[in-house]
Q: 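Encoded as structure tokens, here's the structure I'll be asking about.
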Protein chains: 2
Amino acid sequence: MSNNSKESLRFPAAFKALSNPHRLALFYRLMNCCEPGTKCNAASAARFCVGDLGEGLNIAPSTLSHHLKELNRAGLVEMERRGKNVECWVEPEKLKSLSSFFQND
Amino acid sequence: MSNNSKESLRFPAAFKALSNPHRLALFYRLMNCCEPGTKCNAASAARFCVGDLGEGLNIAPSTLSHHLKELNRAGLVEMERRGKNVECWVEPEKLKSLSSFFQND
DNA sequence: ACTATTATTCGAAAAATGTCGAATAATAGC
DNA sequence: GCTATTATTCGACATTTTTCGAATAATAGT
């Protein structure tokens with residue numbers, strides 16, 4: 001009932017997912033949800049639909065889909081169908097986990 | 001005179017370098033320099049020589065060397081010859097950079 | 001100079017990854 | 001039910017990566 005198919009974050013898989021420039025760009029877009037310079041309201045995680053996320057990346061829809069699936073499987077990105085679109089977002093707690101991975105002090 | 005060939009950290013390259021399980025293990029060892037459970041003195045970055053770093057990883061010396069070179073080129077790991085050995089370490093500032101990459105708040 | 005130790009470079013082979021187009025699925029609106 | 005929109009799955013192919021062993025380099029000690 002509770003766990004709605006959200007993948008949990010595991011570091012090796014996460015870094016592997018971020019190792020591709022396209023996937024890193026996609027993740028970065030979701031991380032920095034608002035326009036460059038501005039800051040998101042921490043409360044509302046920004047959502048992009050798949051098509052919009054790939055905007056400007058010059059990759060085929062099938063490739064885009066593949067990359068988002070990888071990000072999702074790595075536990076970095078959540079996805080949920082909403083009508084014709086599939087919405088994607090990053091849970092803030094995932095960012096915290098990643099951030100603290102590198103803080104050994 | 002000043003810049004002693006230390007590669008600067010760039011995120012896409014860094015995540016790519018960390019995408020391999022062996023390289024992640026090597027980096028993790030250097031990050032968490034002391035024995036599991038204990039904490040390093042922040043002042044003294046721990047150093048491993050190449051051979052010791054690869055201990056237990058079951059990879060050929062040539063493979064180990066290759067991976068460390070990649071970590072170095074990505075700006076994650078510093079390397080310096082000291083006698084017969086080559087010492088490796090992680091600059092604490094690199095960890096800070098990586099950590100803050102994920103903190104967009 | 002010779003030997004032992006430690007690490008790197010250099011191919012080469014096997015495995016994994018990134019990419020696409022075509023076909024398929026899921027949904028919404030008519 | 002048909003059509004349009006949005007996204008995914010499924011091969012297939014090209015590229016990249018991982019890995020190794022053999023040869024080479026760098027250093028220290030005898």
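Every heavy atom of this structure was used, including side-chain atoms; hydrogens, water molecules and symmetry mates were not. Predicted model, so just to flag it, every value in this text is computed and none were measured. Throughout, protein chains are lettered first and strands after them, A, B, ... in sequence-line order, and every chain is numbered starting at 1.
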Q: Heavy atoms from C-beta onward define the side chain here; which of dT18(D), dT9(C), dT8(D) lies closest to that of His67(B)?
A: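 So the side chain of His67(B) is nearest to dT18(D).
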Q: It should be established whether Asn85(A) places a side-chain nitrogen or oxygen under 4.0 Å from OP1 or OP2 of nucleotide dT5(D).
A: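 It does not, given that no N or O in the side chain of Asn85(A) lies less than 4.0 Å from OP1 or OP2 of dT5(D).
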Q: Answer yes or no: does a side-chain N or O of Arg81(A) lie under 4.0 Å from OP1 or OP2 of dA25(C)?
A: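 Arg81(A) to dA25(C) OP1/OP2: no side-chain N or O under 4.0 Å.
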Q: What's the CZ-P distance between Phe48(A) and dA7(D), to the nearest Å?
A: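 Rounding to the nearest Å, CZ of Phe48(A) and P of dA7(D) are 13 Å apart.
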Q: Under a 4.0 Å N-O cut-off, is there an ion pair linking Glu78(A) with Lys94(A)?
A: yes
Q: Mind checking Leu68(A) for me? I need base, sugar-phosphate or nothing, with any heavy atom below 4.0 Å counting as a touch.
A: nothing
Q: Counting only side-chain nitrogens and oxygens, does His66(B) get under 4.0 Å of the OP1 or OP2 atom of dA7(C)?
A: no
Q: For Asn20(A) and dG18(C), is the shortest distance between a side-chain N/O and OP1 or OP2 below 4.0 Å?
A: yes
Q: If you compare every side-chain N and O of Lys16(B) against the phosphate oxygens of dT17(D) (OP1, OP2), does one of them come in below 4.0 Å?
A: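 Checking Lys16(B) against dT17(D): at least one side-chain N or O falls below 4.0 Å of OP1 or OP2.
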Q: Looking at Glu80(A) and Arg47(A), is there a salt bridge between them, counting it only when a charged N and a carboxylate O are closer than 4.0 Å?
A: yes
Q: Using a heavy-atom cut-off of 4.0 Å across all strands, would you classify Arg82(B) as base, sugar-phosphate, or nothing?
A: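 Touches nothing.
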Q: Got a second to check how far His66(B)'s NE2 is from Arg23(B)'s CZ, nearest 0.5 Å?
A: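 Nearest 0.5 Å value for the NE2-CZ distance: 6.0 Å.
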Q: Output yes when at least one side-chain N/O atom of Ser65(A) is less than 4.0 Å from OP1 or OP2 of dT8(D), else no.
A: yes
Q: Using the side-chain heavy atoms of Ser62(B), tell me which of these nucleotides is nearest: dC20(D), dT19(D), dA7(C).
A: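 For the Ser62(B) side chain, the nearest candidate turns out to be dC20(D).
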Q: Please compare Glu70(A) and Gly83(A) by the position of their nearest nucleotide in DNA chain C and report the one closer to 5'.
A: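 Taking each residue's closest nucleotide, the earlier one in sequence belongs to Glu70(A).
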Q: Between Lys96(A) and Glu93(A), is there a salt bridge with N-O shorter than 4.0 Å?
A: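 Salt bridge between Glu93(A) and Lys96(A), a charged N being under 4.0 Å from a carboxylate O: no.
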Q: Quick check on DNA chain C: between Lys84(A) and Ser19(A), whose nearest nucleotide comes earlier from the 5' end?
A: Ser19(A)
Q: Which one, dT18(D), dC20(C), dT9(C), comes nearest to the side chain of Ala60(A)?
A: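 Out of dT18(D), dC20(C), dT9(C), the nucleotide with an atom closest to Ala60(A)'s side chain is dC20(C).
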Q: Can you tell me whether the side chain of Thr63(A) and the base of dG18(C) have a donor-acceptor pair closer than 3.5 Å?
A: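 No, no donor-acceptor pair under 3.5 Å.
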Q: Please find out if less than 6.0 Å separates the ring center of Phe101(B) from that of Phe27(A).
A: no
